[in-house]
Number of protein chains: 2
Amino acid sequence: MSQRKPTKALPNMAEADIAIVRIAPESSFKNKAYDALKEAILKMDIYSTPEPVMLDERALSERLGVSRTPIREAIAMLEQDGFVKTVPRRGIMVVRRTKSEIVDMIRAWAALESMAARLITTTARKKDITALRDFFKDFGKDHLPEDHVEEYSKANIAFHQALISLSESPVLVDLTNDLLLHVRGYRQLTIGRKDRTATSLPEHLGIIEALEARDTELAEKRARDHTLGLAAYVEAHGQELFT
Amino acid sequence: MSQRKPTKALPNMAEADIAIVRIAPESSFKNKAYDALKEAILKMDIYSTPEPVMLDERALSERLGVSRTPIREAIAMLEQDGFVKTVPRRGIMVVRRTKSEIVDMIRAWAALESMAARLITTTARKKDITALRDFFKDFGKDHLPEDHVEEYSKANIAFHQALISLSESPVLVDLTNDLLLHVRGYRQLTIGRKDRTATSLPEHLGIIEALEARDTELAEKRARDHTLGLAAYVEAHGQELFT
DNA sequence: GGAAAGTTTTTGGCATACCACATGCCAGAA
DNA sequence: TTCTGGCATGTGGTATGCCAAAAACTTTCC
C-alpha cells in the first residue's frame, strides 16, 4: 500500500469547489421490496378475515414494477423475520400469531425492557431520563388517557421505544423493535383498552422515578412488572381477538 | 374474481385415517444452502485473519451444485440473521462483531434467561428442574471443571439451553439460540477460561436450587447475575480477542 | 345427476443470460 | 517517472423462461 504523499492538497482548480454531493447509493430493489412488503403486512388487518391472507409473487412483482427475483429475495427475508410462511406450490401466507404466541412475545419484551431499565440507571444522563415524562405531558385531569385512547397509545409506544433507546444497547433496541412489530397488530385492540389505560400512566411515571433515583433493582422490577401486566391482560382478555 | 363454490368439505375416505404423515417436502435448495452456509460460517474462525472473510456467489453455487438463485436467497436470509453483509459489486462479507457487540448480546441473553428462570419457578415440574444437575454430574473433586475446560464448556452450553427450554417459551428459546450462535464464536475463547470456569459451576447450582425452591425473585436474580458476570468478564478480559 | 378421469391453470423453485458498477492493469501522454 | 483515461475483468442485481406439483376446471361415462 503506497503512502499518499501529502503534496498540495488540491490542484488549484477553482472549479473543483462546485457543490458536489455524494451520490446516493440508492437501495436495491430487493430492499425496496422488503420495506414495501413489510409495511404493507404491518398495515393490513390480518385477523379480520377467517382465512389466511395470501401473497402472490407474480402479482407483487407487477404491482411493484420489478421482476420476481428481488421479490423472492424480499420474501425470503420476511420469512426469516417470521412475517410470512411460504409453502411450495401452495402460496405465501402472512403468518397469524396465536394468543399464546403474542403473550410469549410480550414476556420476552418485558425481559428486554427490564434489562434496559437496569442499564439506564447506571449510564443514562439525568436529563434524558427526565425527558421521558414529555411523552405524557399532554395528559392530565382534563385530558385523561382513557378518553383519548388512540393518542395515548401512540405516546405509549413512543415512550417504550425511547426508554429502550436510553439503554444505548443496539441489541436490546433491535430485538424489542422486532417484537413490537409482531405485537403491534394487537396493540390497537388491547393496549388501548380503557381499563388498562387507566393504570398504565402511573406505572410509567413510577418507572421514570425509579430511573431518576438510580434505583437499579426497583427500576428493573417496575419495568418488568408493567409489561408483564400487559401480558397477563392479553392472556386474560384477549380471547375474543383470536376468533 | 370468480366465486368459489363451497362444495362438500371432505370426501368420506375411511382410509384417510391411517397414519399418513405429510410426505417430506424435502427442503428446497434455498433452505439447504441456508443450512450449509450457516454451518460453514459458524464453523470458520473469522477472527483469526486480519481482513474480513468474503463469500462468492458463483463459487458457492458451484461448490453446492446449484444455481446462484437459491444461493442468493440463502444469503438474503443470512443477512437478516446478521451473519453476513453484502455490499453491491464488492462482495459478501462474513460479519465480524466487536467486543462491545458481543457484550451487548450477552446482556440481552442475561435478560432472556432471567425471564426464563422466572417462568420456570411457576410452571416447570420438579423432576425437570432437578434433571438440570445431570449436566454437571461428571464433575467433582477429582474431575474439576477447570481441568477439563473443553468438556465443561459443552456441558455449560447444554445446561443453558436446557434451562431456557424449561420455560416452555418458544420466543425465549429462539431468541436465545440466535444470540448464542453469534456469541459462540467467542465462547471457546472466553467461557472456557480457567479463572471463570471455577466460579461457574457453583453459580449454576445456585440457580438450580433457587428454581427448586420456587423462589421466583432469587432464581431470576441468580440467572441474571450469572450471565451478566460473563458479560463483565468478556468486557474486562476480552480485549486481546479482538485484535 | 354425479363422480371419476383428463386437462388447463396457477404457483413457487430453479437455471440462465445480461446488466451496471467497482477495481486493477496498462498504454500513452505529460 | 508520474499521471490519466480506457479497457478487461470480477461481483452482485435483475429479468426471463421453463419446470413440476397442486389446484381448478372440463369432459366423459355410468
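Quick caveat: nothing in here was measured; it's all calculated off a predicted structure. The sequence lines fix the lettering, A, B, ..., with proteins before strands; numbering per chain opens at 1.
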For [X], report the nucleic acid contact type (base, sugar-phosphate, nothing); a contact means any heavy atom under 4.0 Å.
X: A:Ser61; answer: nothing
X: A:Ile75; answer: nothing
X: A:Ile71; answer: nothing

Quick one: [X] [atom1] to [N] [atom2], roughly how many Å, whole number?
X: A:Lys85; N: C:dT11; atom1: NZ; atom2: P; value: 19 Å
X: B:Phe29; N: C:dC14; atom1: CZ; atom2: P; value: 6 Å
X: A:Met77; N: D:dG13; atom1: CE; atom2: P; value: 10 Å
X: A:Lys32; N: D:dA15; atom1: NZ; atom2: C1'; value: 16 Å
X: B:Asn31; N: C:dG12; atom1: CG; atom2: P; value: 15 Å
X: B:Arg58; N: D:dT9; atom1: CZ; atom2: P; value: 14 Å
X: A:Met54; N: C:dT10; atom1: CE; atom2: P; value: 15 Å
X: B:Lys30; N: C:dC14; atom1: NZ; atom2: P; value: 8 Å

**Message:** Quiz question: by atom type and distance under 3.5 Å, do the side chains of B:Asn156 and B:His160 form a donor-acceptor pair?
**Reply:**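 Yes, side-chain donor-acceptor contact under 3.5 Å.
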**Request:** Name the closest nucleotide to the A:Pro88 side chain, picking from C:dC14, C:dG13, D:dG12.
**Result:**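 Minimum distance to the A:Pro88 side chain belongs to C:dG13.
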Classify the side chain of [X] versus the base of [N] as yes if they form a donor-acceptor pair under 3.5 Å and no if they do not.
X: A:Arg89; N: C:dG13; result: no
X: A:Thr69; N: D:dT16; result: yes
X: A:Arg90; N: C:dG12; result: no
X: A:Arg68; N: C:dG13; result: yes

Side chains of [X] and [Y]: closer than 4.5 Å at any heavy-atom pair?
X: B:Met77; Y: A:Met77; result: no
X: B:Glu113; Y: B:Leu163; result: yes
X: B:Arg107; Y: A:Leu172; result: no

Under 4.0 angstrom between [X] side-chain N/O and [N] OP1 or OP2:
X: A:Ser67; N: D:dT14; value: no
X: A:Arg72; N: C:dG13; value: yes
X: A:Thr86; N: C:dT11; value: no

**Prompt:** Given that B:Val66 and A:Leu55 both sit by DNA chain C, which one's nearest nucleotide is further toward the 5' end?
**Reply:**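 First, find each residue's nearest nucleotide; the 5'-ward one identifies A:Leu55.
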**Asked** Going by the angle between their ring planes, with limits at 30° and 60°, are A:Phe135 and A:Phe159 parallel, tilted or perpendicular?
**Response**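 Answer is perpendicular, since the angle exceeds 60°.
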